[in-house]
Amino acid sequence: MAHDALVVQGLDAGYGAVRVLHDVSLRVPEGQIVALLGTNGNGKSTLMQSILGLVKPTRGTVRAWLDGREVDLTGRAPEEIVDLGVVLVPEGRRLFRDLTVEENLVLGAWRAAARREISHNLRLCFETFPRLEERRRQRVGSMSGGEQQMVAIGRALMSVPRILLVDEPSVGLAPIIVKQVIETIGSLKAKLGLTVLMAEQNFTQAIRIADRGSVLVHGSIAFEGETAESLRDNHLVRQFYLGT
Amino acid sequence: MLDPVLIANAVVSGLLLGCLYAIASMGLAVSFGMLDVVNIAHPAMMVLASCVIAALCAPTGFDPLLAALLIAPVFGLLGAGLYRLYHLYFERRGDEAMQGLAFFFGLMIVIEVSLVLVYGADQRWVETGYGGLSLGLGPVGLPLRMLLPALMSLACIAALLLWLRRSFTGRAVAAVAQDRDALRFLGADPIRIKTVAFGLSVALAAIAGGCLIVVQPVDAHSGHVFIGRVLAVVILAGLGSLPGTLVAALVFGVIENVTATLFGPAWSPAVAFSLLLAVLALRPQGMFGRAHA
Amino acid sequence: MNAVLDVRGLGKTFGGFTALNGIALTVAPGERLGLVGPNGSGKSTFVNCIAGDFPDHAGVVLFRNRPLAGLKPHERARLGLSRTFQLPRPFRSLTVLENVTVPLRFSVPPLPVADARARARACLERVGLQDKAHSHPHSLTQVDLRKLELARALAPEPALLIADEVMAGLSHSEVDQILDLLFALNGDGTAVIMIEHVMRAITAFSQRLAVFVAGRKIVEGDPQTVLATPEVEAAYLGT
Amino acid sequence: MSRPLRLNVGLAAAGVALILILRLIDNDYAWYTGYVILQYVLLAVAWNILAGYSGYVNFGTAAFFAAGAYTTILLTKALNLDLLVCVLAAGLVSGALGLGMGWLTLRLRGVYFSIATLSLAVVLQTLVVNWPYAGGSSGAYTMRPQGYAVFGNYSEFLFVLMLVLALGGIAVAAGIERSRLGLGLATIRDDERAAAAAGVPTLRLKLIATAISGGMMGMAGAPLPYYASYLNPEAAFSLTHTINAMAMTLIGGTQGWVGPVIGATLLSTLQQGATVTISSAGNLLIVGGVLILFVMLAPKGILGLIRAWRGRGDTA
Amino acid sequence: AAGRGVAQAPAGEPIRIGFSMPLSGALAGNGRPALLAQQVWAEDINARGGLLGRSVKLVFYDDQSNGANVPGIYTKLLDVDKVDLVISSYGTALIAPAMPVIIRRGMAFVSLLGSSTNEMFKYGGTANISPVGRRMNVDFAKGFFEIARGLNPTPATLSIAGLDSDFSNRAMESARWQAREHGIRVVYDRAYPPSTVDFSPIVRAIRSAAPDLVFFASYPPDSVGLLKAAGELKLTAKMLGGGMVGPQVTAIKAQLGAQLNNLVCWDVYAPEPTMTFPGTAAFLDRYRAAAEAKGAETLGLYAPPLAYAQMQVLEQAVTRAGSLDQAAIGAALHREAFPTIIGELRFDQTGEWVEERNIYIQYQGVTGNDLAQFKQPGTQVILYPPQYRSGQLRPGFPAA
Ligand SMILES: Nc1ncnc2c1ncn2[C@@H]1O[C@H](COP(=O)(O)OP(=O)(O)OP(=O)(O)O)[C@@H](O)[C@H]1O
Ligand SMILES: Nc1ncnc2c1ncn2[C@@H]1O[C@H](COP(=O)(O)OP(=O)(O)OP(=O)(O)O)[C@@H](O)[C@H]1O
Ligand SMILES: [Mg+2]
Ligand SMILES: [Mg+2]
């Protein structure tokens with residue numbers, strides 16, 4: 001069995017008086033894709049942000065194994081965590097609307113480790129999303145939703161992530177693009193040996209590439225599926241995602 | 001009766017004047033145009049720098065342009081501190097739009113009155129070796145008093161542009177105003193970036209102050225003349241476009257001086273600001289601004 | 001002809017880029033039309049043109065047989081043309097209830113305050129937001145914001161509602177909720193154009209389906225047939 | 001009594017009470033100071049109609065104010081009209097100016113609009129400076145009569161006139177807040193595009209707001225030539241008017257008419273007080289300092305402070 | 001009664017003299033030195049035994065160079081502070097707004113450097129300390145043209161450029177009037193706005209018009225700008241100068257130094273032997289000592305002597321009236337002559353000087369930026385009016 005790349009243990013987190021996560025524990029084995037499932041408002045994004053240090057957990061730990069070294073991420077600043085190679089594709093894309101596609105992508109390479117390989121990674125991005133190369137000088141704000149999602153993923157790739165967190169990459173995308181995006185994430189895993197934690201509503205698509213999955217209900221992990229099949233058979237998943 | 005030599009001279013002196021406007025506007029183009037911090041006290045800071053430089057150089061005979069380069073880092077640090085304050089009290093609370101504006105208005109008043117209290121109401125000036133000298137390009141005259149600050153201005157602007165284009169921090173400055181927190185996803189600290197950029201903009205005010213004191217003597221209120229002009233230049237250019245700011249400043253200077261030559265100086269401000277109104281009416285995003293959907 | 005919306009030769013370019021090209025589309029009164037297409041195919045641009053955000057588009061838009069050329073967005077809204085925004089845009093300083101009264105207070109003739117409030121309350125009940133009537137939008141969840149967006153759009157009882165991706169990111173049951181709502185609205189006689197990437201909703205809702213690809217309408221017709229077309233599969237669904 | 005009626009009766013009563021109190025003091029200084037404070041109340045309330053209600057920050061307050069003052073100068077000079085007529089005319093002129101400026105610049109958002117209004121002030125000032133009949137740069141004198149109608153003292157008349165204008169301005173602002181116009185302006189402030197999509201005629205409402213706001217500022221400026229006897233463009237177009245109107249409103253709070261009234265009363269009283277107690281340039285320092293402290297420590301103005309304090313009282 | 005020769009400590013409540021002064025804002029550059037001179041006067045008079053046997057106290061507020069503050073300040077002075085006497089602030093824009101208040105109370109009012117402020121009010125109780133006299137639009141530039149007449153050959157053409165402000169406009173008007181009188185053709189005539197930064201277009205246009213005479217009417221910041229541009233663009237003329245306000249002021253003298261040479265400029269006072277009156281030297285010494293400590297306007301040749309004279313006129317009028325009765329003081333203002341440190345002054349019914357006394361001086365032999373030279377005679381040679389004349393015109397500008 002693969003070594004764990006990311007381990008969340010007993011995490012409590014929230015916003016001010018509102019507690020959103022209760023005692024969440026989660027493991028992401030190295031080189032695998034873990035799908036984080038759960039309907040709206042159950043805390044998926046909060047969990048992602050806690051891992052990245054954007055939300056300060058009140059209890060619990062987040063640890064990562066990066067290049068064979070164990071690092072405690074708990075309490076570190078987001079800048080530091082990103083610099084270690086844990087990168088998030090945020091919900092709602094969060095692009096720089098007035099910058100061009102290329103400017104957005106280059107900014108992705110802020111990490112010290114990524115700055116050396118800008119041109120190489122840019123090529124990789126354009127290979128993955130040829131549309132972006134056509135539009136490299138377009139202002140991102142004027143692009144369609146799907147195009148913007150491509151930029152968001154591309155920008156994360158520019159920072160050469162070791163562990164990639166992806167928050168709902170398929171929202172608002174055409175089915176064909178959803179497929180493409182999901183496949184791209186799958187292929188990135190294969191190509192770069194990425195470890196991926198992905199929150200995704202589109203269960204049918206997500207499960208195609210996921211190695212395992214966890215279901216978050218009301219801020220707690222309600223079910224952990226070690227395999228894709230076990231997820232498909234879970235009653236929670238059936239209830240929420242498959243309408244049965 | 002249009003004398004071509006007179007017009008040529010008006011254009012050239014307008015360009016030199018435009019360079020002064022450019023360096024005076026450039027800091028604001030960074031703070032206002034890129035960081036969304038409407039630092040209305042920018043011209044007052046410029047005059048503050050002029051006064052400090054005058055106090056340093058008048059007794060020692062040190063060159064004011066060099067002195068400006070020396071005090072620019074100090075101003076930069078002060079600016080950085082000021083931004084921290086601004087961030088703490090306005091930005092973080094999301095009150096920056098109007099409250100922040102009032103804050104800088106207050107700061108402007110405080111700077112001006114402090115100058116009067118410390119330096120008195122007299123004019124401040126600096127004697128430079130090149131004060132009265134002039135280069136001649138055929139029939140066109142280039143007074144060194146205008147030319148050297150203009151060159152200094154262009155050099156600083158070029159350095160600034162290069163920094164914004166080439167360095168990572170520079171690139172992030174362009175991004176930070178649009179989505180501050182998104183930078184954090186990339187591992188950059190937006191507050192640090194804004195602090196650096198705002199500090200830089202205040203350092204530019206110091207450089208502009210050095211240029212100004214070479215061009216003309218100043219008193220505590222000399223900044224007022226520049227408030228309207230620098231804002232006009234930044235808007236004329238389109239927020240956030242630094243090359244545009246340079247062009248707009250040059251256009252502004254040339255229009256002022258050509259109007260002064262052809263119709264009399266009384267009409268220069270009206271013509272220049274009417275141009276701004278016209279540009280805004282026809283192209284609301286400014287000459288070089290990006291249209292927003 | 002008594003189409004509620006009749007679009008002919010609609011075109012729009014941004015700089016050199018053609019976002020819409022020769023679109024022709026009609027919607028009959030009370031009809032439910034689905035509109036799909038890959039990202040960037042021009043669907044939102046189409047909505048913006050009809051709503052009056054881009055006065056410089058090419059072609060003709062007739063709304064209840066009346067040409068819309070030259071009319072401002074608010075004038076179009078007052079004629080009975082409602083749209084939602086792809087990203088919800090509530091009035092942040094107003095309460096949820098006040099948000100919904102706005103289109104009623106600004107219809108012609110305007111509803112008096114009391115009537116407007118009563119009607120707005122009824123609308124909120126309809127979308128299930130009655131408990132949040134006096135909250136401010138910042139305390140609403142994404143789903144609730146979508147519902148508010150819908151409530152505000154349907155309050156003036158429009159002849160045509162254009163819903164631009166109101167279900168993006170919603171869960172299965174929430175999609176069902178909104179679908180019920182749209183069906184009920186449609187039952188009252190409002191024609192609906194639904195723009196959506198959630199295929200389940202599109203197939204359940206649309207009587208007719210049009211597909212945009214790269215600014216052109218490539219097919220139009222019965223949903224099952226349209227979705228089975230090879231071009232649509234290739235350009236939109238993927239296989 | 002309905003709420004608006006109650007407010008208006010309250011305002012009138014407050015006005016009468018103020019006049020009576022000042023009569024008791026019977027001191028020219030009180031009339032003068034009162035006039036200045038009320039002038040700023042009117043300016044701040046007017047400024048807030050655009051800024052607070054619809055989110056458009058006007059940097060051209062001085063232009064509207066000066067337009068009103070110069071209307072009086074011109075009408076007095078050309079037709080020797082009564083000041084009351086001049087005030088009405090000034091309202092119309094500045095209102096029309098507001099309409100024109102709105103038409104030219106209201107398609108601009110945010111700071112673009114602000115800078116455009118600033119430019120308007122520069123252009124207008126240049127016109128006045130180059131208009132010899134209006135006194136040009138030399139300025140113009142206005143002879144003030146000894147008394148007016150029932151007022152034996154012209155200063156008292158000016159005070160009462162400004163009081164009526166200020167109270168009227170407050171009544172108008174309060175009326176707007178409750179009206180459909182107020183609702184529409186709020187939607188514009190929040191999201192202009194969504195407002196239009198909900199049927200709000202955004203441009204028209206903004207034009208109405210600029211016209212009303214500009215007109216009120218013009219009326220605030222109309223009696224100035226009589227107050228000061230001598231007016232030159234520099235004084236009339238002074239940046240002080242712009243800064244004050246804005247600072248006072250922000251100190252008070254922008255959410256309604258009460259904020260500007262409180263802010264203007266407080267800050268201009270402080271300014272007047274500082275001017276005649278501190279005999280040095282330091283008085284301005286205090287004003288600047290107070291402004292900075294207030295916006296830093298009371299971001300929602302005094303109203304916000306009061307609300308926060310009350311809120312705490314409620315929960316406790 | 002005051003003891004013979006020996007001053008007695010003044011007794012009783014002090015006499016309070018109220019006024020506003022621009023201590024901040026655009027006019028502070030002259031307001032602050034004027035205040036200093038007035039304070040010197042107050043010390044002097046108190047040392048001499050006071051006014052009417054009472055000591056004198058100055059009550060003043062900063063009007064921030066803003067006319068709108070003035071009516072309030074003067075009503076406060078009169079109604080709340082209950083001052084016994086009032087004098088004016090500095091300049092027309094700050095004097096005029098006080099007039100209605102003054103007139104209503106019937107106060108005697110000695111004002112400082114107004115220009116025809118009383119023309120409209122026609123108030124009887126005022127005197128104005130301003131050498132320009134009643135007909136500034138005519139007389140102001142007379143001296144300049146009288147001097148120019150002595151040039152050989154007589155000048156034929158003139159350029160006029162000036163700031164668009166009340167004082168400068170009147171100065172330019174007078175230059176036009178005088179040019180007509182002297183048969184001199186005006187070849188360039190323009191006003192520039194206060195916000196002007198670059199003066200080279202103006203100077204260049206003048207240069208291309210190549211006039212014999214150049215008449216500037218400017219304020220301190222632009223005086224420097226114009227002269228610097230003239231130097232850089234090598235503007236030459238048979239005579240250059242005019243109604244420039246600025247070179248009178250210490251900071252600008254120091255700044256321009258030798259560039260001032262041969263400039264023929266309007267002035268109010270110059271330390272020439274022909275203009276030494278009783279008390280002048282003593283005042284300048286006392287003032288300079290005080291100003292040195294504050295590091296501002298250390299020469300004190302412009303506003304300070306006038307401000308001191310303003311107080312002297314008030315003092316003498318009160319003494320002559322023998323009481324604080326305002327009508328009596330007001331009447332005394334027009335009756336007799338007032339010996340002051342700037343000479344003998346006489347006021348007509350409107351309060352203006354019976355005889356204008358616009359002085360024109362020429363800077364000669366200025367070297368470097370040392371200020372001491374400006375305290376010496378011979379640097380600012382008086383060329384006009386004839387009764388104060390102290391030297392010969394050196395033709396041509398710039399100095400060879
Ligand atoms: N900034 C915030 N302040 C206060 N509460 C918040 C904030 N962000 C989220 N919440 C609340 O936290 C809870 C969890 O939100 P979160 O965004 O993590 O859910 P999610 O599972 O990602 O949902 P979705 O599928 O809608 O993205 C919700 O109830 C939400 O209202
Ligand atoms: N203001 C604009 N300037 C330039 N290009 C624009 C502008 N608005 C839209 N576009 C371009 O027009 C195309 C159509 O965009 P539109 O938003 O209509 O797509 P869409 O079909 O709604 O996509 P999605 O399903 O992702 O929302 C896109 O390629 C987009 O980049
Ligand atoms: Mg989420
Ligand atoms: Mg869209």
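Atom set for the values below is all heavy atoms of this structure, side chains included, hydrogens, waters and symmetry mates excluded.
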Exercise for review: Please report the C-alpha distance between B:Met108 and D:Leu239 in whole Å, then the side-chain angles of each, then the deciding distance to 0.1 Å, and finally whether the side chain to side chain contact (heavy atoms under 4.5 Å, CB included) criterion is met.
Suggested key: CA-CA 12 Å; B:Met108 179 180 93; D:Leu239 196 59; 4.2 Å; yes
Review point. Between D:Leu297 and B:Tyr89, does a side chain to side chain contact (heavy atoms under 4.5 Å, CB included) hold up when you go through it step by step?
Key: CA-CA 8 Å; D:Leu297 303 179; B:Tyr89 280 97; 3.9 Å; yes
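In this structure, D:Ser114 OG and B:Leu101 CG are separated by 7.5 Å, a value rounded to the nearest 0.5 Å. Rounding to the nearest 0.5 Å places CD of B:Gln99 at 9.5 Å from CG of D:Leu291.
Most heavy-atom pairs under 4.5 Å with chain B: of the set D:Val129, D:Val122, D:Val123, this distinction falls to D:Val122. Of the listed residues B:Val38, B:Val113, B:Val234, B:Ile109, the one with more heavy-atom pairs under 4.5 angstrom with chain D than any other is B:Val113.
The two residues D:Thr126 and B:Trp267 have their closest heavy-atom pair at CG2-CE3, 4.3 Å. Shortest non-hydrogen contact noted between D:Val295 and B:Ala102 is CG1-CB, 3.8 Å.
At least one side-chain heavy atom of B:Leu85 sits less than 4.5 Å from a side-chain heavy atom of D:Met296. No side-chain heavy atom of B:Phe105 sits under 4.5 Å from any side-chain heavy atom of D:Asn244. The side-chain heavy atoms of B:Ile40 and D:Phe59, taken from C-beta on, include a pair separated by under 4.5 Å.
Contacts between B:Phe32 and chain D at a heavy-atom distance below 4.5 Å involve the side chain alone, from C-beta outward. There is no contact between D:Ala121 and chain B, counting heavy-atom distances below 4.5 Å. At a 4.5 Å heavy-atom cutoff, the contact between B:Val116 and chain D is made by side-chain atoms alone. Both the backbone and the side chain of D:Leu285 come within less than 4.5 Å of a heavy atom of chain B. Heavy atoms of B:Leu117 lying under 4.5 Å from chain D belong exclusively to its side chain.
Residue-environment remark: CD (D:Glu234) stays at or below the threshold of 12 foreign heavy atoms within 6.0 Å.
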For residues 272-282 of chain B, run the donor-acceptor check on the side chains, cut-off 3.5 Å, and write out each pair with its distance to 0.1 Å, sequence neighbours left out.
unit_1, atom_1, unit_2, atom_2, d
B:Ser274, OG, B:Ala270, O, 2.6

For residues 250-268 of chain D, dump all side-chain donor-acceptor pairs below 3.5 Å to protein atoms at least two apart in sequence or in another chain.
unit_1, atom_1, unit_2, atom_2, d
D:Thr265, OG1, D:Val261, O, 2.5
D:Ser268, OG, D:Ala264, O, 2.6

